[in-house]
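Structure, as structure tokens:
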Amino acid sequence: MQRYAVFGTPVSHSLSPRIHTLFARQAGVALEYTAIEASRDDFAAKLAASDVQGANVTLPLKEDAFALCAGNVSARARRAGAVNTLLRNGNGWHGDNTDGLGLVRDLTERHGLDLRERRVLLLGAGGAARGVAPALLDAGIHSLYIVNRTAARADALADALGEPGRVHARALDALPGLGEFDLLVNATSATRGGALPALPMSLAGPRSAAVDLSYGEAAVPFLAWARAAGCAQALDGLGMLVEQAAESFLLWHGVRPETDAVYTALRTQADALVTAD
Ligand code: ATR
């Protein structure tokens, strides 16, 4: 039996074990996939003590996972400075980052968005934002405006992306002057603490799409704002979660699973959880 796990904290409610178990059943692969609670202090020790062949890494460990790979990372993980997928490699680990491709696949293939030449607003400049920014650029967007509470972090992310013609860092108080965006991505963890930064309605219009990288309760405030601002689509991060998992599965097992049935099963469950309150 092959063993895999997701490491993070809090991780007990992670949907990854369910997703990978469904993928494995579909692909005829025998595996066990568990959730292992790990903090920044004990992640390396817990990973070393586990006998997993591969792992997913979630909050707040993606940058630690990157460091742990000691340079043995894919180009997209290097660009993101963060790793969400680990593959055992001799005595060490190979790191990859499937978050960005997961988001782009969800937006383009499941939701039919054409990202080419789009004007995109990225709210946040932490690990989640770093994970998706390179893939958005690779998808051919016109421009990426990064807005973050701490302006220096937005500047640092814009610098790291290395495309000064297309990537612009702006402070939160500049939002009212930025005009309308085709796609608005909430990559802040603000709503996990309950407070969304004030967003002017002028950022969105009837052709805009908005996506929150989280799902469930955490996505509710931003998606409510997006609907109030008139966005044509207001999407949560559930589809991205399933798509990034499929890319991890492909790396580990050499097969890319069919994601639609798994997404539909989880969608029903996630919607029931949000409306249960
Ligand atoms: P993650 O891996 O989820 O991105 P992170 O690296 O801690 O976690 O980043 C959290 C992001 O949410 C950051 O962009 C953070 O802004 P700061 O860089 O200013 O900390 C943003 N964020 C968190 N709480 C916020 C709040 N209440 N208002 C606005 N932005 C917030």
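Every number for a ligand or one of its atoms is a count from 1 in the order of the listing. Quick note: residue numbers are just sequence positions, from 1. Quick caveat: nothing in here was measured; it's all calculated off a predicted structure. These numbers come from the heavy atoms of this one structure, side chains and all, not from hydrogens, waters or symmetry mates.
- The shortest N or O to N or O distance between Ala128 and ligand 1 is under 3.5 Å.
- Annotation: Thr188 places no N or O atom under 3.5 Å from an N or O atom of ligand 1; distance criterion only.
- The atoms of ligand 1 that sit less than 4.0 Å from any heavy atom of Arg153 are 6 (O), 9 (O), 13 (C), 17 (P), 18 (O), 20 (O).
- Residue contacts with ligand 1, taken as heavy atom pairs separated by less than 4.0 Å, involve Arg149 via backbone and side-chain atoms alike.
- Rounded to the nearest 0.5 angstrom, Glu63 CD and Leu68 CG are separated by 13.5 Å.
- Counting the atoms of ligand 1 from 1 in the order shown, those under 4.0 Å from a heavy atom of Gly124 are 14 (O).
- Under 4.0 angstrom from ligand 1, the non-hydrogen atoms of Pro197 all belong to its side chain.
- Heavy atoms of Leu172 found under 4.0 angstrom from ligand 1: none, in either backbone or side chain.
- Both the sub-6.0 Å distance and the 45° axial angle are satisfied by Arg110 relative to the ring of Tyr263.
- Side-chain contact annotation: Thr85 with Asp96, donor-acceptor N/O pair under 3.5 Å absent.
- Every atom of ligand 1 with a heavy atom of Gly127 under 4.0 Å away is listed here by number and element: 1 (P), 2 (O), 4 (O), 6 (O).
- At least one N/O-N/O distance between Ala125 and ligand 1 falls below 3.5 Å.
- Numbered from 1 in the order shown, with element, the atoms of ligand 1 that lie under 4.0 Å from a heavy atom of Leu59 read 1 (P), 2 (O), 3 (O).
- Remark: Arg88 CZ is packed, more than 12 non-hydrogen atoms of other residues, nucleotides or ligands lying under 6.0 Å away.
- Between the side chains of Asn84 and Asn56, no donor-acceptor pair of N or O atoms lies under 3.5 Å.
- No option in Met240, Glu243, Glu247 other than Glu247 meets the side chain to side chain contact (heavy atoms under 4.5 Å, CB included) test with Leu101.
- Looking at Thr150 against ligand 1, both its backbone and its side chain come within 4.0 Å, counting heavy atoms.
- Paired with Tyr4 under the rule ring-ring contact (aromatic ring centres under 6.0 Å, His included), one option of Phe23, Phe249, Trp252 passes, and it is Trp252.
- To the nearest 0.5 Å, atoms CG (Leu178) and CZ (Arg119) are separated by 6.5 Å.
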